[in-house]
Amino acid sequence: MRDYVYDQNFAEERTRLASSEQLWDPGSQQVLEDLGVGAGWNCLEVGAGVGSLVEWMAGRGASVLAVDIDTRFIEPLASDRVEIRRVDIRSDDLPASQFDLVHARLVLEHLAERRQIVRRLVDTLRPGGWLMIEDYDWSSFGFDGTNPQLDRAAEAIIAFMQQAGYDPGYGRRVFDDLTAAGLTDIRGDGRARIIDSHSPGFDFYRLTFESIRDAVVQAGLLAADDADAASAGLRTDVRLFTPMMVAAIGRRESR
């Protein structure tokens with residue numbers, strides 16, 4: 001697949017995705033709760049991953065269409081409240097004017113056509129519906145202490161993803177795309193975490209590196225010795241400052 005560089009056949013992909021959900025779900029849930037997501041809402045979850053937010057929305061009484069390019073981890077969630085579809089949001093048809101909420105987390109930053117995709121997602125909203133896009137601003141990221149191999153590995157991974165169209169600062173720029181798409185009541189929320197190797201969520205960063213390290217080395221962006229040293233370093237007692245997760249929220253005008 002273009003844009004998305006992670007190996008879908010990575011043996012620990014489910015653990016990697018679940019670790020990200022452990023790290024970021026509490027903040028996402030709080031913002032969604034503040035919007036009033038609950039009974040009677042019709043929601044579209046884009047890039048549903050392992051499906052924790054899908055379950056959370058359905059548990060609050062909402063109906064959810066969960067879409068992803070890889071649905072193997074969310075298929076068991078199908079129920080009278082949850083519909084699962086395999087969808088590529090860059091090209092596949094999406095329902096028009098149906099949803100009270102569209103939510104996507106750590107999806108659009110990977111996709112070069114992100115501004116066009118925002119417009120496509122807006123078209124799925126009912127008048128008065130909310131779009132919530134969550135993506136990273138990497139300017140806060142870093143490891144505590146001095147470990148040049150870890151620093152080089154992080155820089156190489158970002159460079160590798162940028163070659164495929166990734167925008168490491170999209171969390172800072174997504175508001176412009178919401179404005180250009182004609183949304184109103186635009187607002188935002190930002191949160192960053194300081195975690196160590198024993199924290200829920202740390203495995204997301206460790207396994208992300210493991211999933212693409214060989215491709216990064218083959219691309220000539222990281223020496224094999226540095227990759228080995230970084231892999232070992234991520235298995236020690238290390239602390240990191242996460243990127244800032246930015247939640248950008250906007251509303252489709254009521255007619």
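No hydrogens, no waters, no symmetry mates; every other heavy atom, side chains included, goes into these values.
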Supply the atom-to-atom distance [X] [atom1] to [Y] [atom2], rounded to the nearest 0.5 angstrom.
{"X": "Asp34", "Y": "Gln29", "atom1": "CG", "atom2": "CD", "result": "12.0 Å"}
{"X": "Leu65", "Y": "Ile84", "atom1": "CG", "atom2": "CD1", "result": "8.0 Å"}
{"X": "Phe241", "Y": "Ile194", "atom1": "CZ", "atom2": "CD1", "result": "4.5 Å"}
{"X": "Arg206", "Y": "Ser19", "atom1": "CZ", "atom2": "OG", "result": "8.5 Å"}
{"X": "Arg14", "Y": "Leu207", "atom1": "CZ", "atom2": "CG", "result": "14.0 Å"}
{"X": "Leu234", "Y": "Ser197", "atom1": "CG", "atom2": "OG", "result": "9.0 Å"}

Any donor-acceptor N/O pair, [X] side chain to [Y] backbone, under 3.5 Å:
{"X": "Ser28", "Y": "Trp24", "result": "yes"}
{"X": "Arg251", "Y": "Gly128", "result": "yes"}
{"X": "Glu21", "Y": "Gly51", "result": "yes"}
{"X": "Ser140", "Y": "Met244", "result": "yes"}
{"X": "Ser199", "Y": "Gly201", "result": "no"}
{"X": "Arg114", "Y": "Leu108", "result": "yes"}
{"X": "Asp70", "Y": "Arg72", "result": "yes"}
{"X": "Ser79", "Y": "Val82", "result": "yes"}
{"X": "Asp68", "Y": "Ala48", "result": "yes"}
{"X": "Arg90", "Y": "Leu111", "result": "no"}

Test side chain to side chain contact (heavy atoms under 4.5 Å, CB included) on Leu240 and Phe141; report intermediate values, then the result. CA-CA 7 Å; Leu240 68 82; Phe141 179 83; 4.2 Å; yes

Got a list of side-chain donor-acceptor pairs under 3.5 Å for residues 36-43, not counting sequence neighbours?
| unit_1 | atom_1 | unit_2 | atom_2 | d |
| --- | --- | --- | --- | --- |
| Trp41 | NE1 | Gly36 | O | 3.2 |
| Asn42 | ND2 | Gln98 | O | 3.0 |

For residues 164-182, the salt bridge (charged side-chain N to carboxylate O under 4.0 Å, His left out) pairs (sequence neighbours left out) are Arg115-Asp177, Asp137-Arg172, Asp167-Arg173

Restricting to non-hydrogen atoms, name the atom on [X] and the atom on [Y] that form the minimum distance, rounded to 0.1 Å.
{"X": "Arg213", "Y": "Ser231", "value": "NH1-CB, 3.4 Å"}
{"X": "Asp123", "Y": "Arg252", "value": "O-NH1, 3.5 Å"}
{"X": "Ala181", "Y": "Val118", "value": "CB-CG1, 3.9 Å"}
{"X": "Phe175", "Y": "Gly171", "value": "CE1-O, 3.7 Å"}
{"X": "Thr208", "Y": "Ser211", "value": "O-OG, 2.8 Å"}
{"X": "Val54", "Y": "Ala66", "value": "CG2-CB, 3.7 Å"}

So does Arg120 have more than 12 non-hydrogen atoms from other groups sitting under 6.0 Å from CZ? yes

Is it possible for you to say whether [X] and [Y] belong to one hydrophobic cluster, with membership spreading through side-chain heavy-atom contacts below 4.5 Å?
{"X": "Val50", "Y": "Met57", "result": "no"}
{"X": "Leu94", "Y": "Leu178", "result": "yes"}
{"X": "Val67", "Y": "Leu121", "result": "yes"}
{"X": "Trp56", "Y": "Val31", "result": "yes"}
{"X": "Ile89", "Y": "Leu125", "result": "yes"}

Between [X] and [Y], is there a side-chain N and carboxylate O pair less than 4.0 Å apart?
{"X": "Arg235", "Y": "Glu210", "value": "yes"}
{"X": "Arg119", "Y": "Glu113", "value": "no"}
{"X": "Asp203", "Y": "Arg16", "value": "no"}

Do Leu106 and Met245 come within less than 4.5 Å of each other through their side chains, counting heavy atoms only? yes

Using side-chain heavy atoms (C-beta onward) and a distance below 4.5 Å, is Val64 in contact with Arg81? no

Run the side chain to side chain contact (heavy atoms under 4.5 Å, CB included) check on Arg193 and Leu23 step by step: do they pass? CA-CA 8 Å; Arg193 302 284 305 277; Leu23 185 61; 3.5 Å; yes

Can you list everything that forms a side chain to side chain donor-acceptor pair (under 3.5 Å) with Asp25? Sequence neighbours excluded, please. Ser52, Arg105

Can you name the residues that form a side chain to side chain donor-acceptor pair (under 3.5 Å) with Asp92, not counting sequence neighbours? none

So, using side chain to side chain contact (heavy atoms under 4.5 Å, CB included) as the criterion, who are the partners of Arg187 when residues are at least two apart? Trp130, Asp185, Ile249

Expected list for residues 150-164: side-chain donor-acceptor pairs under 3.5 angstrom, two or more places apart:
| unit_1 | atom_1 | unit_2 | atom_2 | d |
| --- | --- | --- | --- | --- |
| Arg152 | NE | Asp226 | OD2 | 3.0 |
| Arg152 | NH2 | Asp226 | OD1 | 3.3 |

Could you go through Val246 and Glu134, starting from their C-alpha distance and side-chain angles, then the distance that decides it, and tell me whether this counts as side chain to side chain contact (heavy atoms under 4.5 Å, CB included)? CA-CA 5 Å; Val246 178; Glu134 296 189 273; over 6 Å; no

Honestly, is Arg126 close enough over Phe99, meaning NZ or CZ under 6.0 Å from the six-membered ring centre and within 45° of the axis? no

Tell me, with the steps shown, if Glu109 and Tyr166 meet side chain to side chain donor-acceptor pair (under 3.5 Å). CA-CA 6 Å; Glu109 61 185 24; Tyr166 181 75; 3.1 Å; yes

Evaluation steps, side chain to side chain contact (heavy atoms under 4.5 Å, CB included), between Leu131 and Leu183: CA-CA 9 Å; Leu131 175 64; Leu183 295 182; 3.9 Å; yes

